[in-house]
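Data first, discussion second: the structure below is written as structure tokens.
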Amino acid sequence: MTNSKQQEILRENNTARGDALLLQDLAAVIESTSDVWKELRGSSLFITGGTGFIGSWLLESLKWANQELELRIQAQILTRDFNQYRKKHPHLANYPGFKFVVGDVRNFVSPRGEFSHVIHGATDSSQLVNTSYPKQMYDTIVSGTMRVLDFAAEKKCEKVLLLSSGAVYGSQPHTLTRMNEDWSDSPNLSDPINAYAEGKRGAEMLAAIYHKQFGLDITIARIFALLGPYLPLEIHYAIGNFIKDAISGKSVIVNGSGLPVRSYLYASDLTTWLWKLMLYGQPGVAYNIGSEHEISLRDLAALVANTVGNGRYCILGEQDLGPNPGRYVPDTSRIRHELQLSEKIHLEQAIYRTALWYGWKETGQK
């Protein structure tokens with residue numbers, strides 16, 4: 001049985017409370033973004049990457065706002081496989097306010113009609129693709145971004161939000177507590193493993209070019225590590241694997257040393273920040289989006305095990321990694337100060353809510 005199938009069974013066993021918490025999260029997003037919805041009333045959006053983790057949260061919140069506030073916002077969402085998405089999330093796929101356009105982000109045919117806003121988040125975040133097919137990874141990001149920006153210029157869109165990544169900064173020195181948007185290091189260009197990171201850098205350069213040459217109002221979101229419902233548990237995200245182990249009743253396994261440091265922004269906070277950024281971010285400016293509350297992977301494993309598991313965790317890797325075991329923590333001063341944003345959901349609660357959404361039964365876990 002595949003990991004994906006196991007996760008579907010977990011969710012089917014006990015999802016009522018997790019879904020109730022998701023509705024609470026969406027209600028909080030709508031309340032925090034009430035000014036956004038007033039300005040978007042009657043708008044038409046084009047969204048790429050709308051069927052992934054981040055995109056699903058954008059669609060969930062947009063659907064909720066449309067229904068609660070009678071906004072009459074229409075959205076067209078580019079997807080490679082609509083039938084698969086409809087099987088997984090029929091409530092979003094069949095919503096009348098959404099129209100799904102099947103195509104490849106690199107060469108899709110422009111849908112008819114006018115569009116006021118574009119959110120470009122389509123990318124391939126697969127570690128397998130990045131490792132084994134770096135050309136495909138790089139081309140999807142760069143060529144896809146150029147195609148989307150051509151589309152936005154063609155449609156004379158008012159605003160474009162480009163979803164980038166904290167990977168554009170390269171390796172963060174362990175002595176640097178947080179990276180701000182002016183950090184000028186970069187990934188190693190001689191290593192193809194950095195195809196994803198360099199692709200995102202190329203996408204940001206295209207955003208700067210289209211802003212200058214075509215006058216597109218483009219704002220960039222550099223997104224760091226995330227957590228919440230819809231986050232895949234079976235791929236390369238450490239926290240997803242930790243939660244999968246814990247809610248399955250197993251010891252949480254850390255395959256490395258446990259020394260690298262991360263931080264995690266919960267999905268409802270992410271969604272609020274993205275909607276605000278789309279409307280109020282400065283044109284041509286990049287903003288870090290993530291949590292400033294750091295935690296080592298060792299401590300994260302312990303926290304997950306004690307919050308939604310049996311308390312057991314195991315570190316398998318070597319402990320001595322030299323002066324820089326790895327760090328990935330943003331400075332989010334710019335977005336917090338300019339847009340008056342803050343984190344509402346702390347890490348332990350984020351773990352708890354994600355586990356419940358995936359069908360974890362709270363009673364009798366320890």
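Under the side-chain contact (heavy atoms from CB on, under 4.5 Å) criterion, A221 pairs with L161, L163, I223, L274, L277, I289, not counting sequence neighbours. T33 pairs by the side-chain hydrogen bond (donor to acceptor under 3.5 Å, both in side chains) definition with W37, not counting sequence neighbours. In this structure, the side-chain contact (heavy atoms from CB on, under 4.5 Å) partners of L189, at least two apart in sequence or on a different chain, are E198. Qualifying side-chain hydrogen bond (donor to acceptor under 3.5 Å, both in side chains) partners for S110, counting only residues two or more places apart in sequence or in other chains: R147, E154. With sequence neighbours left out, the side-chain contact (heavy atoms from CB on, under 4.5 Å) criterion links H211 to P283. Not counting sequence neighbours, Y264 has no partner by the ring pair (Phe, Tyr, Trp, His ring centres under 6.0 Å) test. Residues forming a side-chain hydrogen bond (donor to acceptor under 3.5 Å, both in side chains) with D185 (at least two apart in sequence, or on another chain): none. F115 pairs by the ring pair (Phe, Tyr, Trp, His ring centres under 6.0 Å) definition with F46, F151, not counting sequence neighbours. Under the side-chain hydrogen bond (donor to acceptor under 3.5 Å, both in side chains) criterion, T332 pairs with E292, R336, sequence neighbours left out. Applying the ring pair (Phe, Tyr, Trp, His ring centres under 6.0 Å) test to F242 and every residue at least two apart in sequence or in another chain returns nothing.
Hydrophobic cluster of I253: the remaining members, joined at side-chain heavy-atom separations below 4.5 Å, are L316, listed by chain and number.
Heavy atoms of other residues, nucleotides or ligands lying less than 6.0 angstrom from CZ of R41 number more than 12. More than 12 heavy-atom neighbours from other residues, nucleotides or ligands sit within 6.0 angstrom of CD on Q349.
Between D245 and K250, no side-chain nitrogen of the basic residue sits less than 4.0 Å from a carboxylate oxygen of the acidic one, so the salt-bridge criterion is not met. Salt bridge E294/R178: absent, no basic N to carboxylate O contact under 4.0 Å.
With contacts defined as side-chain heavy-atom distances shorter than 4.5 Å, the pair F108/V102 does not qualify. In this structure, E60 and L22 have side chains that are in contact, with non-hydrogen atoms separated by less than 4.5 Å.
Going from atom OG of S56 over to atom NZ of K63 covers 12.5 Å, rounded to the nearest 0.5 Å. If you take CE on M179 and CZ on R222, they are separated by 10.0 Å, rounding to the nearest 0.5 Å. Rounding to the nearest 0.5 angstrom, the gap separating the CD atom in Q172 from the CH2 atom in W183 is 8.0 Å. One distance of note links CD1 of I30 with CD of E68; it measures 8.5 Å at 0.5 Å rounding.
Counting only residues at least two apart or on different chains, the ring pair (Phe, Tyr, Trp, His ring centres under 6.0 Å) pairs with a member in residues 67-92 are F82-F100, Y85-H89, Y85-F100, H89-Y230.
Contact record, P187 with R201: CD-CD, 3.6 Å, taken as the closest heavy-atom pair. Here the closest non-hydrogen pair linking H117 and L279 is NE2-CD1, 4.1 Å. Shown here for S44 and E114, the closest heavy-atom pair between the two residues is OG-O, 3.2 Å.
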Under the side-chain contact (heavy atoms from CB on, under 4.5 Å) rule, what do V160 and Y210 come out as? Steps first, then yes or no, please. CA-CA 11 Å; V160 179; Y210 277 72; over 6 Å; no
For side-chain contact (heavy atoms from CB on, under 4.5 Å), just list the numbers for L176 and R327, CA-CA rounded to whole Å, side-chain angles, deciding distance to a tenth of an Å, and then say yes or no. CA-CA 9 Å; L176 180 65; R327 189 177 185 86; 5.8 Å; no
Yes or no on side chain to side chain donor-acceptor pair (under 3.5 Å) for Y280 and E39, after CA distance, side-chain angles and deciding distance? CA-CA 11 Å; Y280 307 124; E39 295 198 32; 3.1 Å; yes
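Hydrophobic cluster membership is shared by L227 and W57, with clusters built from Ile, Leu, Val, Met, Phe, Trp and Tyr side chains linked at under 4.5 angstrom.
When each of T272, T271, D269 is paired with S32, the side chain to side chain contact (heavy atoms under 4.5 Å, CB included) condition holds for T272 and for no other.
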